[in-house]
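For reference, the structure discussed in these notes is given below.
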Amino acid sequence: MLKIANTMSGKKEPFHPARNRNVGMYVCGVTVYDRCHLGHARSAIVFDLIRRYLKYKKYQVRYVKNFTDVDDKIIQRANREGKPWTEIVERYIAAYAEDMKRLGVESADREPRATQYIPDMIRLIKKLIKEGFAYSVNGDVYYQVEKFKGYGKLSKRKSDQSLAGARVEPDERKKNPLDFALWKAAKPGEPSWESPWGPGRPGWHIECSAMSMKLLGKSFDIHGGGMDLIFPHHENEIAQSEGATGEKFARYWVHNGFVNVNQEKMSKSLGNFFTIQEIFEKYKEIGYSQTVTAEILRYFLLSTHYRSPIDFSDQSLDQAKLALNKFYIMFQKLGEKGVKGSADAGLSRSLKTFKTGFTKAMDDDFNTAEAIAELQKLRNEVNNNITLGISKKIATNVERTFLSYGKILGLFQIPLKIWQFEVPVKATAKSLYEALASVTAGTKTPYESRLSEDFEKEINQLVAAREEARKKKNWAEADRIRGELARKGVILEDRPDGTTRVRR
RNA sequence: GGCGGCGUACCCAAGUGGCUAAGGGAGCAGUCUGCAAAACUGCGAUUCGGCGGUUCAAUCCCGCCCGCCGCCUCCA
């Protein structure tokens, strides 16, 4: 039984979609005025995960994630660059798509842009005026918050209270400082659309009401976004949608926690953010392929529960890499020749235990930290049994289990050869983070060259030479070669039977 | 000022009203090994920020205090 923490009730609730196995899910995406940072990545990955798990649970998911493509910041940026606002929008939508692809985040079923739904927003605003929830003043339209009795139910604040110590800027056109804009009259040079109140553009909140209801219906199952959207954005969405329809808007409100740096929220104003692009590019310079970086980030982000804050630091990234290494080392062992299946029965039981444990963890509000712990427990069992001797058949079975359950988390999807257990980073930096912070060009081996045939040949020659030396018990020479390979990022493991396992 | 959250071993991080407080990393001690690596085994919180309360029993429920963070303005 899947349970989801609902911000509305503040509790974990059993998940029951309104229509059988069909789930409608709407997530607030980004305003496209700049590149995304790790915080955006977290949100995207969290909801990608939720969707994957719902699919695993045999739900039919219809996932909508929007782009806010008209907004003050977009206009500002356009003015600053002296470019049309549409160019800014196109640039950052493309950038977003690029980032998501790198992160391995699957596209939503629909990714609507606000400006494509202006007529729907206008209809909605007209309805709100007609129902007495909104009023127009000189080409602006405002939502009259006090008219909606449920206002504040999501963020748990009462409107009059909020006013007391409020930092809301007074605006003489509003009847009440808490009222928010549904439609903004056009200022010269700004993008605008015709409307019954004159040319203008929509307020920020109305787009999500219009698009979610248009694409998912008046009432749908899951509405998500970052914690910071709870107030005012989601509160306002509820006021707009329920004011207009009189029906319950979203049934489960899901909010993810922030990415922090040194215990502080990662944000533009603090200047402590890393863009997704930066992270990928810097990792590439120290020798990581895109998919490797993506898995490290995913592991890092999913090792903490999605609602808790997570601290981005050198250690946490290094730990993620290290932890994943151990899985890939196990995969390498699983791929080696099978032995008699003396430990098969025990492993079969472990597989069953694992599946139950994993599902139980994920059913409990997508507890990925615990799910990962289950994967680690299984890894432990596997390593144990490999020593005892397992058959090829069960090895394949085990591998398939890791791959299919890992896929829900977006892990273990990289071919061994691409994973590269050890990149020669230790010589130049104590940690990945440190390497990230100070990349010196030319001192690292690009990962592409590590996949070349020449590199392969060179390694094989050195390994063969070392074999010779070992046979002659020329330990000094053998160790010298091992050291040379280590500097190239290749680790050797001598097996009891005299053969050598090569980890690159 | 209002609202919400967090504080679990050296680090990361789950969790539960009572059964050994998961898991990982690091550390130490072993097994294996020419050495190393990997893997495995063992050790490590008499204790869950502090003080009270409820309870037969609390780390988990309630209150207060301390510390940290977030939202209340655009924000994933």
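These numbers come from the heavy atoms of this one structure, side chains and all, not from hydrogens, waters or symmetry mates. Sequence lines set the chain letters: A, B, ... in the order given, protein chains first and strands last, and positions in each chain run from 1. This one's a predicted model, so the numbers in the text were calculated from it and none came from an experiment.
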Protein-to-nucleotide contact annotation, 5' to 3' order, nucleotides 15-30 of chain B [B base; S sugar-phosphate only; - none; under 4.0 Å, heavy atom]: S------BSBS-----

Opposite nucleotide pairing with B/C68, Watson-Crick or G-U, both atom distances under 3.5 Å: B/G5

For nucleotides 67-71 of chain B, tabulate all protein N/O to nucleotide N/O atom pairs closer than 3.5 Å, reporting atom names and distance.
residue	atom	partner	partner atom	Å
B/C71	OP1	A/Lys265	NZ	2.6

Nucleic acid contacts - residues 101-110 of chain A versus RNA chain B, non-hydrogen atoms under 4.0 Å: none

Heavy-atom donor-acceptor pair, A/Arg42 side-chain to B/A76 base, under 3.5 Å: no

Step-by-step salt bridge (Lys or Arg N to Asp or Glu O under 4.0 Å) determination, A/Lys73 to A/Asp34: CA-CA 9 Å; A/Lys73 287 194 292 282; A/Asp34 205 349; over 6 Å; no

Residues forming a side chain to side chain contact (heavy atoms under 4.5 Å, CB included) with A/Ala294, sequence neighbours excluded: A/Phe280

Test applied, ring-ring contact (aromatic ring centres under 6.0 Å, His included); reference residue, A/His205; option that passes from A/Tyr143, A/Phe180, A/Tyr142: A/Phe180

Sequence-distant partners of A/Arg495, side chain to side chain contact (heavy atoms under 4.5 Å, CB included), two or more places apart: A/Glu336, A/Asp497, A/Thr499, A/Arg501

Interatomic distance where CD1 belongs to A/Ile481 and C1' belongs to B/A37 [whole Å]: 17 Å

Geometric cation-pi criterion A/Arg42 and A/Tyr306, 6.0 Å radius, 45° cone: no

Donor on one side chain, acceptor on other, A/Glu370 and A/Asn367, under 3.5 Å: yes

Any donor-acceptor N or O pair under 3.5 Å, side chains A/Glu237, A/Tyr26: no

Euclidean distance for P, B/C66 against B/G25 (whole angstrom): 39 Å

Distance-only polar pair, side chains of A/Ser316 and A/Ser313, donor-acceptor under 3.5 Å: yes

Aromatic ring pairing A/Phe331/A/Phe327, orientation class (parallel under 30°, perpendicular over 60°, tilted between): tilted

Test side chain to side chain contact (heavy atoms under 4.5 Å, CB included) applied to A/Gln277 - qualifying residues, sequence neighbours left out: A/Arg35, A/Asp99, A/Arg102, A/Thr275, A/Glu281

Closest-nucleotide 5' rank along RNA chain B - winner of A/Ser303 and A/Ser267: A/Ser303

